[in-house]
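Hydrogens, waters and symmetry mates play no part in the numbers below; they use all other heavy atoms, side chains included. Naming: A, B, ... by sequence-line order, numbering from 1 per chain.
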Amino acid sequence: MIQDNELTEDARRRIVARVGDWFDEHRRDLPWRRSTPWGVMVSEFMLQQTPVSRVLGPWQEWMERWPAPDDLASEQAGAAVAAWGRLGYPRRAQRLHRAATVISEQHAGRVPGTLEELRALPGVGQYTAAAILSFAFGGRAVVLDTNIRRLLCRVEDGREFPPDSATASEWRRAEDWLPDTDERAAHWAAASMELGALVCTARSPRCEDCPVKDSCRWRAAGYPRHDGPPRRTQAWHGTDRQCRGVLLDLVRQNPEGVTVEVALGAWAERVQAERSLAGLLADALVRDDGGLLRL
DNA sequence: AATCCGTGGGG
DNA sequence: TCCCCAAGGAT
């Protein structure tokens, strides 16, 4: 049980302090860290399952075009999906547009600053709500993303990888790591995530550069490889997701509209193409404008 | 709880 | 080449 192997409070405090010092020296100068709550929110949506390097460009464009929630809310959802480009998971653009609409109509155009209000926005889950509260408002919240999960798993549990999805036990444990004050909690959230992203990485971790290598149980145990059940990997080739991606990209690249027949011709398996297009239409990621498909 | 939802780069 | 995985969320 994790509970029996918990680090002492003192040990945790020491590690938190070292990670914080490391962060002060090595933090990346990411643009959304010098931005508004809205800028932070846009970045969090874009960063859901998408690497920082690919988000930088689109984020800049979004912030210039839609510097505040009201600006995005005044557009059609299709404009957001179009501007999403090839970031992937285009429904995130749709949810961000809906969230902007809610903010505009119910929060006077300002990103709300409580966990409950944030969590109620479309596309904002437990992680994103905590991240916005912490990064944008400097609040104290349990921020648990893939980087922090991996870091805590290694340092405290001595294992290479956490479970496929965050467990209640992980959330409880992460709370034990959270410093008491708003300021220190927010600093820890950003610092631990950064360490996970830059040093305690999934593959080829840079353990020699780690500020807490002497306290790491995974290192002490000799870096045992993941032993549990095989980690869940998603199929891709020939899936509906791949097909939807092809169809949506075709529509995205043809603002003048695409006929259904042309769209279906872009995918070899007719039945699958029909099913995928129906899904895109049902999701309102694509609309049928008098026989022409558009965003 | 398990599955679905895009895309591209690094090892 | 192929496989893994990247600041998750919704159903």
Please work out if [X] contacts a base, only the sugar-phosphate, or nothing of the nucleic acid, heavy-atom cut-off 4.0 Å.
{"X": "A:Leu30", "value": "base"}
{"X": "A:Gly125", "value": "sugar-phosphate"}
{"X": "A:Ala202", "value": "sugar-phosphate"}
{"X": "A:Arg86", "value": "sugar-phosphate"}

- prompt: On a plain distance test, is the side chain of A:Arg241 in donor-acceptor contact with the base of B:dC4 below 3.5 Å?
  reply: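 Side chain to base: no pair present.
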
message: So, under a plain 3.5 Å distance rule, would you say the side chain of A:Thr50 forms a donor-acceptor pair with the base of B:dG6?
response: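 Yes, the side chain and the base share a sub-3.5 Å donor-acceptor pair.
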
Atom-pair distance ([atom1] on [X]; [atom2] on [N]), nearest Å:
{"X": "A:Leu87", "N": "B:dC5", "atom1": "CG", "atom2": "C1'", "value": "15 Å"}
{"X": "A:Leu56", "N": "C:dA6", "atom1": "CG", "atom2": "P", "value": "17 Å"}
{"X": "A:Trp84", "N": "B:dC5", "atom1": "CH2", "atom2": "C1'", "value": "13 Å"}
{"X": "A:Leu121", "N": "C:dA10", "atom1": "CG", "atom2": "P", "value": "10 Å"}
{"X": "A:Leu96", "N": "C:dA7", "atom1": "CG", "atom2": "C1'", "value": "15 Å"}
{"X": "A:Gln126", "N": "C:dT11", "atom1": "CD", "atom2": "P", "value": "16 Å"}
{"X": "A:Gln234", "N": "C:dG9", "atom1": "CD", "atom2": "P", "value": "15 Å"}
{"X": "A:Gln242", "N": "B:dT7", "atom1": "CD", "atom2": "P", "value": "9 Å"}

Respond yes when some side-chain nitrogen or oxygen of [X] is under 4.0 Å from OP1 or OP2 of [N], and no when none is.
{"X": "A:Gln48", "N": "C:dG8", "value": "no"}
{"X": "A:Arg244", "N": "B:dG6", "value": "yes"}
{"X": "A:Arg150", "N": "C:dA6", "value": "yes"}
{"X": "A:Arg232", "N": "B:dA2", "value": "no"}
{"X": "A:Thr128", "N": "C:dG9", "value": "yes"}
{"X": "A:Thr146", "N": "C:dA7", "value": "no"}

Point-to-point distance, once rounded to the nearest 0.5 Å, from CZ of A:Arg287 to CG of A:Leu292: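 Answer rounded to 0.5 Å: 10.0 Å.
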
Check: A:Asp240/A:Gln272 side-chain N/O donor and acceptor closer than 3.5 Å: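 Judged by distance alone, the side chains do pair up.
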
task: For A:Arg150 and A:Glu160, work out which heavy atoms get closest and say how close.
output: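 So the minimum-distance heavy-atom pair works out to CG-O, 4.0 Å.
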
task: Assign each of A:Arg33 and A:Arg119 to its nearest nucleotide of DNA chain C by heavy atoms, then name whichever residue's nucleotide is nearer the 5' end.
output: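 Residue closer to the 5' terminus by nearest nucleotide: A:Arg33.
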
- prompt: Starting at the 5' end of DNA chain C and moving along, which residue's nearest nucleotide shows up first, A:Leu47 or A:Val124?
  reply: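 The 5'-side residue here is A:Leu47.
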
field: Position toward the 5' end of DNA chain B (nearest nucleotide), A:Ser204 or A:Asp249
entry: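 Nearest-nucleotide comparison on DNA chain B picks A:Asp249.
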
message: Quick check on side-chain contact (heavy atoms from CB on, under 4.5 Å): which of A:Asn254, A:Leu248, A:Val246 does A:Leu250 satisfy it with?
response: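 The option that passes is A:Asn254.
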
- prompt: When rounded to the nearest Å, what value does the distance between C1' atoms of C:dA7 and B:dA2 take?
  reply: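 About 23 Å, rounded to a whole number of Å.
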
Distance, C1' atom - from C:dG9 to B:dA1, rounded to whole angstrom: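 Straight-line distance between the two C1' atoms is 15 Å.
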
message: Can you tell me how the ring of A:Trp177 sits relative to the ring of A:Trp188, calling it parallel under 30°, perpendicular over 60° and tilted otherwise?
response: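 Aromatic pair A:Trp177/A:Trp188 classed parallel.
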
Measuring from the side chain of [X] (C-beta onward, heavy atoms only), which nucleotide among [options] has the closest atom?
{"X": "A:Trp236", "options": "B:dT7, C:dA7, C:dC5", "value": "B:dT7"}
{"X": "A:Arg252", "options": "B:dT7, C:dC5, C:dA7", "value": "B:dT7"}
{"X": "A:Tyr127", "options": "C:dA6, B:dC5, C:dG8", "value": "C:dG8"}
{"X": "A:Arg95", "options": "C:dA10, B:dT3, C:dA7", "value": "C:dA10"}
{"X": "A:Arg91", "options": "B:dC5, B:dT3, C:dA7", "value": "B:dC5"}

message: Assess the residue pair A:Arg241 and A:Ser276 against the criterion (side-chain hydrogen bond (donor to acceptor under 3.5 Å, both in side chains)); give the C-alpha distance rounded to whole Å, side-chain angles, the decisive distance to 0.1 Å, and a yes or no.
response: CA-CA 8 Å; A:Arg241 275 163 66 221; A:Ser276 296; over 6 Å; no

message: Between A:Asp249 and A:Arg252 (salt bridge meaning N to carboxylate O under 4.0 Å), is one present in this structure?
response: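 Here A:Asp249 pairs with A:Arg252 in a salt bridge, since their nearest N and O are under 4.0 Å apart.
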
